[in-house]
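Just so you know, these numbers use all the heavy atoms, side chains as well, and skip hydrogens, waters and symmetry mates. Quick caveat, the model's predicted, so the values are computed rather than measured.
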Amino acid sequence: MLVELGAVGYTYLPRSEAAAQALADVSLTVGSGEFIALIGPTGSGKSTLVQIMAGLVKPTSGRVKFEGNDIWLEKARLPERRRLVGLVFQEPEKQLFEMTVEDDVAFWPRNAGVSAEAVPEMTRAALEAVGLDYPSYRERSPFTLSGGEMRRVAIAGIVVMNPRVLILDESTVGLDARGRMDLAGRIRALNQKDTAIVMVSHDMDEVAESADRVIMLAQGGIVFDGPPREAFKQTDLLAGIDLELPQVARIAARLRRQGLLGGRLPLTLAEIESDILTAFGKVPE
Amino acid sequence: MNGRSLALGQYYPARSALHTLDPRVKLLLMLALVTAIFFINNLAVMVAAGLLVPVLATVAKVPYSWVIRGLRPLLFILILTFFIHVFFTPGARLAAIGPLTATRAGLRNGAFYSLRLGLVVLFSSFVTLTTTPVQLTDAIESIFGPLKKFRLPVHEVALMMTIALRFIPTLLSEAETIMQAQKARGADFESGHIFKRAKSFVPLLIPLFISAFRRADELALAMEARGYAGGEGRTRLHVLKVRAADVVWLIGGLAVIALVVGVRWAV
């Protein structure tokens with residue numbers, strides 16, 4: 001297991017009157033190449049949980065293991081172990097600070113002591129992974145870019161670490177529809193190259209298209225952990241945390257009520273397309 | 001996010017007579033009281049004035065430990081003041097440590113002056129303990145209001161103070177987030193010599209400044225969009241109004257203070 005959380009809990013301001021429990025008894029594992037969607041309502045502890053998973057925040061109880069090693073036992077090795085997991089924060093473009101795109105993306109390799117000759121190649125690969133052309137962007141100031149481009153540069157700043165687990169905290173929020181789709185596709189491409197992805201999202205369409213496992217968080221605890229198709233059957237759970245089914249599933253549910261569609265619950269566009277074709281007696285390609 | 005934003009400032013939320021007292025009355029009484037402390041020239045009276053501290057704390061429903069905490073940043077100066085007086089006041093010899101001689105008069109003076117300093121801080125802290133920063137700036141604006149006649153931008157300065165105070169917790173939590181985000185890509189804020197460490201704060205400070213400027217811009221726009229035009233003709237949600245209780249406090253407070261000052265000439 002790449003990342004393993006054992007009975008993790010987190011309390012703000014422990015031992016004070018204002019103590020507030022953000023997470024309680026959370027156990028989960030992230031295996032190589034998985035694509036996990038982390039969903040839950042605002043205030044359910046998602047952001048705290050991903051910071052714990054990235055080894056940035058120490059849980060107030062429980063254990064965090066990276067590749068079997070309890071990371072908080074040997075603090076000296078913590079910076080080096082954090083390379084395993086890359087965390088892209090919400091609105092990551094707010095953390096850009098260098099004069100050029102190239103310098104900003106190269107922040108990690110230079111800090112980590114990567115040899116100077118290897119840095120440009122890593123930077124190029126990271127920028128291309130997020131869909132930015134290296135030669136035309138490298139010299140530009142990140143602050144002259146559009147919001148969407150800044151977001152991509154910031155994500156490249158994490159991708160450049162080549163993490164085995166990439167955590168994205170609502171990274172496509174605020175992008176236009178085309179930018180969203182494109183970025184989602186690039187994240188899937190990273191996943192196909194064996195990077196495990198943990199994606200915090202409120203967008204169930206995105207979850208249905210990409211994830212192969214869904215973890216539902218409510219009030220600081222895991223209420224569901226399983227495949228998307230199972231997750232979207234938990235209508236009570238979903239309603240309880242104010243999440244709707246993916247649009248495709250909602251359309252299918254209506255067609256089903258009209259008796260036009262039967263069988264499985266389609267989650268993606270491709271699935272509903274083939275279901276409808278079958279219903280009309282045509283053979284899906 | 002972390003708890004730092006909660007512990008900001010000294011304000012202790014409670015419902016007490018002191019909390020509901022008009023902040024202008026509080027400010028004036030505090031000024032009078034602190035001035036009075038400087039008129040006291042007698043250790044016994046000073047100790048008696050000191051007894052006001054637990055009385056005020058009880059009235060304000062603030063725990064004693066919370067009140068005393070206000071002295072912490074001053075502790076070193078208090079102790080230094082005490083010992084300088086103990087050892088450097090001429091008088092009857094009490095004890096000697098090496099070349100230093102403690103005197104009876106020194107002990108007296110040391111107690112007197114460190115008590116004076118401590119009381120000044122404690123009494124003024126009762127204002128900040130029982131008044132929210134926003135109330136405080138309102139009171140300042142009201143007290144200095146007459147200066148508007150001389151074209152001094154009293155309202156604007158008070159507004160700036162309020163906005164600055166309002167955004168301190170926001171900036172703190174944002175700094176925390178950016179710090180974590182930079183740590184996530186290998187930034188190290190903790191180790192190295194002083195220059196290296198100062199340099200390591202660049203990735204924190206630049207984003208923080210950018211967002212502070214952007215926020216200031218947006219706030220100005222938002223205020224203009226809602227037609228905010230500043231002091232002239234503006235009405236308030238919380239109007240400061242002097243109530244009977246405020247007058248009683250003011251008169252009673254001034255009487256006690258007059259008594260404290262009067263002792264100087266009476267005895």
Any donor and acceptor pair, going by atom type alone, linking the side chain of A/Q95 with main-chain N or O of B/P207 inside 3.5 Å? no

Can you confirm whether B/I194 is buried at CD1, in the sense that more than 12 heavy atoms of other residues, nucleotides or ligands lie under 6.0 Å from that atom? no

Should we count CZ of A/R83 as having more than 12 external heavy atoms under 6.0 Å? no

Greater than 12 external heavy atoms within 6.0 Å of B/Q180's CD: yes

Is A/L56 in contact with chain B via its backbone, its side chain, both, or neither, using a 4.5 Å heavy-atom distance? both

Minimum heavy-atom distance between B/R185 and A/W108, given as atom pair plus value: O-CD1, 3.3 Å

Looking at B/M160, I want to see if its CE is surrounded by more than 12 non-hydrogen atoms of other residues, nucleotides or ligands under 6.0 Å. no

Does atom CZ (B/F201) have a neighbourhood of more than 12 heavy atoms from anything else shown, all under 6.0 Å? yes

Report yes if the side chains of B/T177 and A/Q51 come closer than 4.5 Å at any heavy-atom pair, otherwise no. no

With respect to chain A, which residue among B/D188, B/L208, B/I206, B/I178 yields the maximal number of heavy-atom pairs within a distance under 4.5 Å? B/I206

For A/F143 and B/I210, run side-chain contact (heavy atoms from CB on, under 4.5 Å): C-alpha distance rounded to whole Å, both residues' side-chain angles, the deciding distance at 0.1 Å, then the answer. CA-CA 10 Å; A/F143 303 107; B/I210 291 172; 3.2 Å; yes

